[in-house]
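The structure appears below as structure tokens.
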Amino acid sequence: MSPEDQLAVLTRGTAQVLSEKELLEKLKLGRPLRAKLGVDPTAPDLHLGHTVVLEKLRQFQELGHQAVLIIGDFTAQIGDPSGRSKTRPPLEREEILANAETYTAQAFKILDKGKTEVVFNGEWFNKMSFVDVIRLNSKVTMQQMLQREDFKNRIAKNQEVRLHEIQYPIVQGWDSVEVRADVEMGGTDQLFNILVGRDLQKEQGQPGQVVMTLPILEGLDGVQKMSKSLDNYVGVAEEPGEMYGKLMSISDALMGRYYTLLLGEAMDEGAHPMELKKSLAERVVSRYHDEATGAAARADWDTRFSKKDLSAADLPACDLGQERRVIASAALGYAAVGEKRSNGDIRRLVQQGSVQLDGEKLSDPKAELPADVSGKVLRLDKKRSVRLV
RNA sequence: GGGUAGGUACCGAAGCGGUCAAACGGGGCAGACUGUAAAUCUGCUGGCUCAGCCUUCAGAGGUUCGAAUCCUCUCCUGCCCA
């Protein structure tokens, strides 16, 4: 593919590219470009928000370029302040390594493993002496760091900014020098960090990397960015039903965004919003599982929620044993779906009519279930139900 | 280092000796309505063997019949000055 055509593909869907002209020049070099993406293994699950940028990296691979995936095992110990209004807690080393493992496994659902160079940035940072660190710091000015919006805002609001946080962009930037990146991509919140990398490269006599940012995907709440720590995400490794259900819960206003950023296409405004949402959910599930699973998730959802027919749905089994007290039974139900709830929580759900046996509200916490419950469906809340054994 | 303002539940924020498991707002959860959307109304939102009991208001002591509220020390944060 000609450099011009490649440029058209690569810039599609991006938030900004600094600059397209430079990217074109690099493409004309005729060698595979080194396209860098840094990920922070702060939690084990990759979610749809990450896929926006991973899909872009895959495009680079498809065009014959070299993907360089940097696992920020070192940076995760600092905590990226990007987009944060608070200091992020750093992680324990073992936790980070375990997370990194799951992370890469999931990233290869999108990336071509054979064409991806995976590096841990601890490789170089763990070897640095304190003098090296000070020297690295000398390449950047305080004023540059203070230009950054997150810091500016926090300072304006009298919130703390700790010194380790201003190291983060410098450290991430140095990664670009180490891997000699030609292009670095990231969410729009990474603009500052990526620019620091570009400056550091120039400082070291390398050509500066092209900066490519991609729009940030809003989380299920439709307001804040999708993030593990805000628990508003859909993980790429999640169960089909879970994934489908989460996608169905997004607001109509959000759907258009998901269509463009996840499916890479414009949403058909004419169709019924619910149809659009079902189709979005089905396609995303299909992508991370397979077509048949996507269709099955949709069919299951239809019986469970559209037809409200829980009896036919595929539910987790739950053996109550001799237990018949309502609260204790519901607690066993939650255990069966892998959730922990306090008795107070459950009592509340019962009193408010959320807990139901075959569609009948069990609103008295002191009542007991009938002796024979086998085959009956115990509904716990909107999303969770179990089949009693 | 000096001065000063603070540290209350998931977050923000009242309370400043008893009637405080702690107002109010946000968030979250549930019910009604629905398309597991939005909007709206209602309820709940520390734990438990739940009409009662237990553990909380940065931490440790103390005063008091009684402390989130008063005193002492400690830790932490903001702001101003150096």
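Values in this document were obtained by computation on a predicted structure and should not be read as measured data.
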- Applying a 3.5 Å limit to both distances, which nucleotide forms a Watson-Crick or G-U wobble pair with B:U19? none
- Check whether any side-chain heavy atom of A:Thr104 sits under 4.5 Å from a side-chain heavy atom of A:Ile71, and report yes or no. yes
- Item | Of A:Lys366 and A:Arg379, the one whose closest RNA chain B nucleotide lies more 5' | A:Arg379
- Item | Qualifying residues under side chain to side chain donor-acceptor pair (under 3.5 Å), relative to A:Arg325, sequence neighbours excluded | A:Glu323
- Give none if B:U77 has no partner; otherwise give the nucleotide forming a Watson-Crick or G-U wobble pair with it, both distances under 3.5 Å. B:A5
- Touch check for A:Asp345, heavy atoms < 4.0 angstrom, all strands: base, sugar-phosphate only, or nothing? nothing
- Quote, to the nearest angstrom, the C1' distance that separates B:A9 from B:G26. 14 Å
- Query: How far, in whole Å, is B:A23 from B:U8 if one measures between their C1' atoms?
  - Reply: 12 Å
- Message: Please report the distance separating the C1' of B:A58 from the corresponding atom of B:U77, rounded so that it comes out in whole Å.
- Response: 11 Å
- Atom CD of A:Gln351 to atom P of B:U45: distance rounded to whole Å? 9 Å
- Message: Taking the ring of A:Tyr244 and the ring of A:His289, is the distance between their centroids below 6.0 Å?
- Response: no
- Query: When clusters are formed from ILVMFWY side-chain contacts under 4.5 Å, directly or step by step, what else is grouped with A:Leu380?
  - Reply: A:Leu320, A:Val326, A:Ile327, A:Leu332, A:Tyr334, A:Val337, A:Ile346, A:Leu349, A:Val350, A:Val355, A:Leu357, A:Leu362, A:Leu369, A:Val373, A:Leu378, A:Val386, A:Leu388
- Note on the structure: Hits for side-chain contact (heavy atoms from CB on, under 4.5 Å) against A:Ala15, two or more places apart or cross-chain, chain-then-number order -> A:Thr188, A:Thr213, A:Pro215
- Under a 3.5 Å cut-off for both distances, is B:C53 Watson-Crick or wobble paired, and to whom? B:G47
- Message: I need a per-nucleotide contact map over nucleotides 32-42 of chain B, read 5' to 3'. Cutoff is protein heavy atoms under 4.0 Å; write B for the base, S for backbone only, - otherwise.
- Response: S--BBB-----
- Query: Watson-Crick or G-U wobble partner for B:A39, using a 3.5 Å limit on both distances?
  - Reply: none
- Message: What is the distance, to the nearest angstrom, from the CD1 atom on A:Ile327 to the C1' atom on B:G47?
- Response: 13 Å
- In whole Å, what is the span from the CD1 atom of A:Ile346 to the C1' atom of B:C48? 13 Å
- Message: Suppose you measure atom P in B:G61 against the same atom in B:G15; what distance do you get, rounded to whole Å?
- Response: 28 Å
- Provide the distance between the two C1' atoms, one in B:G28 and one in B:C11, to the nearest whole Å. 11 Å
- Contact class for A:Gly353 vs. all strands (heavy atom < 4.0 Å): base, sugar-phosphate, or nothing? sugar-phosphate
- Query: Which is true for A:Arg304 with a 4.0 Å heavy-atom rule: it touches a base, it touches only sugar-phosphate, or it touches nothing?
  - Reply: nothing
- Query: Has A:Arg348 got a side-chain N or O lying under 4.0 Å from the OP1 or OP2 atom of B:G47?
  - Reply: yes
- Query: Whole-Å distance between B:C10 P and A:Gln224 CD?
  - Reply: 18 Å
- Those residues that, when tested against A:Lys202, pass side-chain contact (heavy atoms from CB on, under 4.5 Å) (two or more places apart): A:Arg198
- Starting from the C-alpha separation in whole Å, work towards a yes-or-no answer on salt bridge (Lys or Arg N to Asp or Glu O under 4.0 Å) for A:Glu238 and A:Lys246. CA-CA 10 Å; A:Glu238 280 190 81; A:Lys246 281 186 177 184; 3.1 Å; yes
- Item | B:C29 versus B:C79 - spacing of their P atoms, nearest Å | 35 Å
- Nearest to the side chain of A:Ser342, which nucleotide is it out of B:U45, B:A30, B:C48? B:C48
- If we take the P atom in both B:G1 and B:G66, what is their distance in whole Å? 38 Å
- Query: What side-chain hydrogen bond (donor to acceptor under 3.5 Å, both in side chains) pairs are there with at least one residue in residues 356-365 of chain A, not counting sequence neighbours?
  - Reply: none
- Query: For the pair made of CG in A:Asp381 and C1' in B:U45, what is the distance, rounded to whole Å?
  - Reply: 15 Å
- Query: Hey, does the side chain of A:Asn343 come within less than 4.0 Å of B:U49's phosphate (OP1/OP2), counting only N and O?
  - Reply: yes
- Message: Taking only the C1' atom of each, what is the distance from B:U56 to B:A21 in whole angstrom?
- Response: 8 Å
- Regarding the side chain of A:Ser354, the nearest nucleotide among B:A30, B:C44, B:U49 is B:A30
